[in-house]
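By convention here, the first residue in the shown sequence is residue 1.
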Amino acid sequence: MRQKGEAMRENVNKHKRKQSFEDYVIDTITCIVYLFFTFICVYPFYYIFINTISANDLSERGKILLWPVGIHFNNYASVLKIPGLFSALKISVARTVIGTVVTVFIAAFLGYMFTKESMWKRKFWYRFVVATMYFNAGIIPWYITMRNLHLTNNFWGYILPVAVSPFYIVLCKTFVESIPGELQDAAEIDGAGTLKIFFQIITPLIKPILATVAIFTAVAQWNAFQDTLLLVTDNRLYTLQFTLYQYINQASSLKSLANSSTSSAQMAASLAHSQTATSIRMTVTIVVVAPIILIYPIFQRFFVKGIMIGAVKG
């Protein structure tokens, strides 16, 4: 066995092409180009992070570029003291998890149903759903509709309006069409119904596109704050992003007060001394972006396959 392995290695080494000088040059240039683009992608996050832990006065003047100076974590401690922060975090996590599950399920199920010839008026309903991608009534009719449906100051106002997404349905439908139809035919011959085929055959085979849709939906749900601005006045339903948005506005107002010449400005200046508008914005950015950055690698191996297959056919 050992002799066979050595013979195979010798054969591989014999047929291995010796790299020329031009090959080394091309490889070097390729590495430099990829390192350059990697730097472009990574540096903005690094820049924001080092400014959150550096001296706030230097950060405000744009003096922090490559490494932190005067390292401290007071900015993060101040953000953690925001009133209602953890309640808002629970709402954001809940809407992200529930909203993602609901949207992914509906997109997958409708995408599957739109591939079945036996579905009643299949083409009509598919075109009807897709048409909504190109028409929008506007904010005011949308708000009136949400109010009439009693979705104002209601947690389900975060979930139901975006539960059916035509774009995700198209992606899932295209992916399901790439699965051999013989699998469904065999299951139907064995007596399996629509739901059993969907859950036991289709769902395990479309995991890549489900992961892709889950990433898109989770990011959209986590970052959303406009629906809170329009639909919610109850602070118990405020999301993390909306709470931080209010915090940034209050910090900007405090800075404006500190820059005024009134007697109360001195009091405001003492409050604003430990933080600046720049440090607050950057700290909030890290707090909001970090969870998505940490979650994305879990789904990354499914993401490329899912989006490529889902984009081959329309």
Side-chain angles (χ1 to χ4, degrees), residues 19 23-80 82 85 88-89 92-93 96-97 100 167-168 171 207-226 239-245 247-248 251-252 274-311:
Q19 280 191 322
D23 294 329
Y24 283 113
V25 172
I26 293 174
D27 290 343
T28 303
I29 294 175
T30 302
C31 290
I32 292 174
V33 170
Y34 278 111
L35 287 174
F36 174 73
F37 282 106
T38 302
F39 175 79
I40 292 177
C41 295
V42 173
Y43 179 72
F45 296 100
Y46 173 75
Y47 173 79
I48 294 174
F49 175 71
I50 63 175
N51 274 271
T52 63
I53 62 174
S54 297
N56 292 334
D57 56 340
L58 297 178
S59 176
E60 181 73 10
R61 299 200 302 268
K63 299 295 184 180
I64 308 300
L65 297 175
L66 295 177
W67 50 79
V69 178
I71 295 177
H72 67 91
F73 297 93
N74 294 336
N75 293 328
Y76 292 98
S78 299
V79 168
L80 293 177
I82 298 175
L85 179 71
L89 177 61
S92 287
V93 171
T96 300
V97 173
T100 299
F167 176 66
Y168 301 152
L171 287 180
K207 285 182 179 178
I209 198 64
L210 296 183
T212 303
V213 173
I215 290 174
F216 287 156
T217 306
V219 171
Q221 286 281 11
W222 179 260
N223 291 331
F225 80 96
Q226 188 176 16
T239 60
L240 176 64
Q241 283 67 26
F242 185 76
T243 301
L244 295 176
Y245 166 76
Y247 179 63
I248 292 175
S252 299
S274 60
Q275 283 189 304
T276 64
T278 300
S279 66
I280 291 172
R281 285 196 301 270
M282 292 188 175
T283 305
V284 167
T285 300
I286 292 295
V287 171
V288 171
V289 172
I292 295 298
I293 293 179
L294 295 175
I295 291 174
Y296 178 77
I298 300 175
F299 298 93
Q300 191 270 340
R301 62 193 183 99
F302 299 107
F303 183 78
V304 176
K305 181 180 179 182
I307 195 63
M308 290 302 294
I309 294 180

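With sequence neighbours left out, Pro291 forms a side chain to side chain contact (heavy atoms under 4.5 Å, CB included) with Trp222. A search for ring-ring contact (aromatic ring centres under 6.0 Å, His included) contacts involving Tyr43 returns Phe39, Tyr47, not counting sequence neighbours. Take Phe225 and apply the ring-ring contact (aromatic ring centres under 6.0 Å, His included) test, not counting sequence neighbours, and it matches Tyr245. Residues satisfying the side chain to side chain donor-acceptor pair (under 3.5 Å) test with Thr52, not counting sequence neighbours, are Tyr76. Residues that satisfy the side chain to side chain contact (heavy atoms under 4.5 Å, CB included) test with Thr285, not counting sequence neighbours, are Ile48, Val289. The side chain to side chain donor-acceptor pair (under 3.5 Å) search around Ser92 returns Gln241, not counting sequence neighbours.
When each of Thr217, Ile215, Leu210 is tested with Val213 by the rule side chain to side chain contact (heavy atoms under 4.5 Å, CB included), just one qualifies, namely Thr217.
Minimum interatomic distance between Pro68 and Ser54 (heavy atoms only, all atoms of both residues): CA-OG, 3.1 Å. Contact between Asn75 and Thr283 at its shortest, heavy atoms only, is CB-OG1, 3.3 Å.
Rounding to the nearest 0.5 angstrom, the gap separating the CE atom in Met282 from the CD1 atom in Ile64 is 10.0 Å. Taken to the nearest 0.5 Å, the CD1 atom of Ile82 stands 8.5 Å off from the CG atom of Leu240. Summarising the geometry, atom CD1 belonging to Ile209 is positioned 4.5 Å from atom OG1 belonging to Thr212; distances are rounded to the nearest 0.5 Å. Rounding to the nearest 0.5 Å places CG of Leu85 at 6.0 Å from CG of Leu244. To the nearest 0.5 Å, atoms OG (Ser78) and CZ (Phe73) are separated by 13.5 Å. A distance of 7.0 Å separates OH in Tyr34 from OG1 in Thr30, rounded to the nearest 0.5 Å.
The backbone N or O of Arg281 sits nowhere less than 3.5 Å from a side-chain atom of Tyr247 that would complete a donor-acceptor pair.
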